[in-house]
Amino acid sequence: MRVGITGANGYVGTILRAAFAEEGHEVIAFARSNRVTSESAAAMVGVAERRPYEIKRPPSGAAFSDLDVLIHGAWDLTLVNAGDVWGVNVSGSQHLLRNAADAGVRRVIFISSMSAYKGTRQLYGQAKLACERTASSLGGVSTRLGLVYGPGWGGMAGALRKLTTLPVTPLIGVRSHQFTVHETDLAAAMVRIAESDMPLPEPVGLANPEPVPFRRLMKEIAASQGRTLRAVPVPWQLVSGVFKATEALHVPLPFRSDSILGLVHPAAEVPGVERLKQLGIEFRSFSLEGDRP
């Protein structure tokens, strides 16, 4: 197949590029043109073609007309204002999904999040939900990713890993949990969904259905680095307030204040587990054995 991936330079995009290329599919990488550097060019080895892409200016359907599959994973995580998130990420994603559908792409897959559940208080989750509705109306598939972990240590898992290197780790969401997905399982599941014609009208969660307590998650992340977790419970409202104030000053942070809501108010369950089993898709239980740097 000819598989297009937006956000192809990102953590998840890089995982998917490698997986589809390994399975013999042609990968067309859609990425920001201003990131064409010697480093990113080297990272694109194995990609059949590279096409410029900006989420705020989605290309016309002509850019997708030769694709069998389009996976939309691009998202501007630097935006924290609701108006900006809707004006760029949501609007840009919705236009892209419509253009791909109009171009006749056989399978359009929107990469969503386990934070996108009914009643979510997180801006990120609400924005992803809006895009899921568009994808569903067009016959596309929405895949809600759990906390992705593995040897790449990117995304939220990478940010949490950095927290465990502090002399004392502030522990928020002591009673919360996360649903996790290993990089390898994520890649295999996405390839299987892309290759399949099975209708998936409802969002499906790409994560093991067993919730991982947040304290255990942090403890194992620390242990994977040969460290013992030294944590102090901290009210999440306090941390969120500090992050919001820092964001207002445009100071870089390991993750956004909005992300804290996703940590302390996680989804109650993983959707579509039985549906994915029909495709032979299952996910391993959380473990960092074998993924130590």
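- The one candidate from Leu145, Val270, Asn208, Leu206 that meets the side chain to side chain contact (heavy atoms under 4.5 Å, CB included) condition with Phe179 is Val270.
- Remark: the backbone N or O of Ile193 is paired with a side-chain donor or acceptor of Arg107 at under 3.5 angstrom.
- Using bins of under 30°, 30° to 60° and over 60° for the plane-to-plane angle, the ring pair Trp75/Phe110 lands in the tilted bin.
- Using a cut-off of 4.0 Å between Lys/Arg side-chain N and Asp/Glu carboxylate O, Glu247 and Lys244 are scored as not salt-bridged.
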**Evaluation steps, side chain to side chain contact (heavy atoms under 4.5 Å, CB included), between Leu16 and Ile111** = CA-CA 11 Å; Leu16 298 183; Ile111 294 183; 3.9 Å; yes

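- With rounding to the nearest 0.5 Å, the separation of CD1 in Ile55 from CG in Leu96 is 8.0 Å.
- Looking at heavy atoms from C-beta onward, Met1 lies in side-chain contact with Arg106 at the 4.5 angstrom threshold.
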**Asked** Arg216 and Phe286: side chain to side chain contact (heavy atoms under 4.5 Å, CB included), yes or no, with the steps?
**Response** CA-CA 10 Å; Arg216 178 195 160 199; Phe286 175 69; 3.9 Å; yes

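- The side chain to side chain contact (heavy atoms under 4.5 Å, CB included) test with Thr164 is passed by exactly one of Leu217, Thr228, Leu229: Leu229.
- Under the 3.5 Å distance criterion, with hydrogens and angles disregarded, no donor-acceptor pair is assigned to the side chains of Thr165 and Gln225.
- Taking hydrophobic clusters as Ile, Leu, Val, Met, Phe, Trp and Tyr residues chained together by side-chain heavy-atom distances below 4.5 Å, Val273 does not share a cluster with Leu200.
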**Message:** Assess the residue pair Trp236 and Leu263 against the criterion (side chain to side chain contact (heavy atoms under 4.5 Å, CB included)); give the C-alpha distance rounded to whole Å, side-chain angles, the decisive distance to 0.1 Å, and a yes or no.
**Reply:** CA-CA 9 Å; Trp236 69 266; Leu263 295 176; over 6 Å; no

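- In this pair, Phe64 and Phe30 present their aromatic rings tilted. The plane angle is within the 30 to 60° band.
- A side chain to side chain contact (heavy atoms under 4.5 Å, CB included) with Leu97 is found for exactly one of Val105, Thr134, Asp102, Leu70, namely Thr134.
- Outside the 6.0 Å centre-distance limit, the rings of His177 and Phe214 are not counted as a close aromatic pair.
- Partner of Ser112 under the side chain to side chain donor-acceptor pair (under 3.5 Å) criterion, chosen from His72, Arg144, Glu132: Glu132.
- The environment of CD in Gln237 is crowded: more than 12 heavy-atom neighbours from other residues, nucleotides or ligands sit within 6.0 Å.
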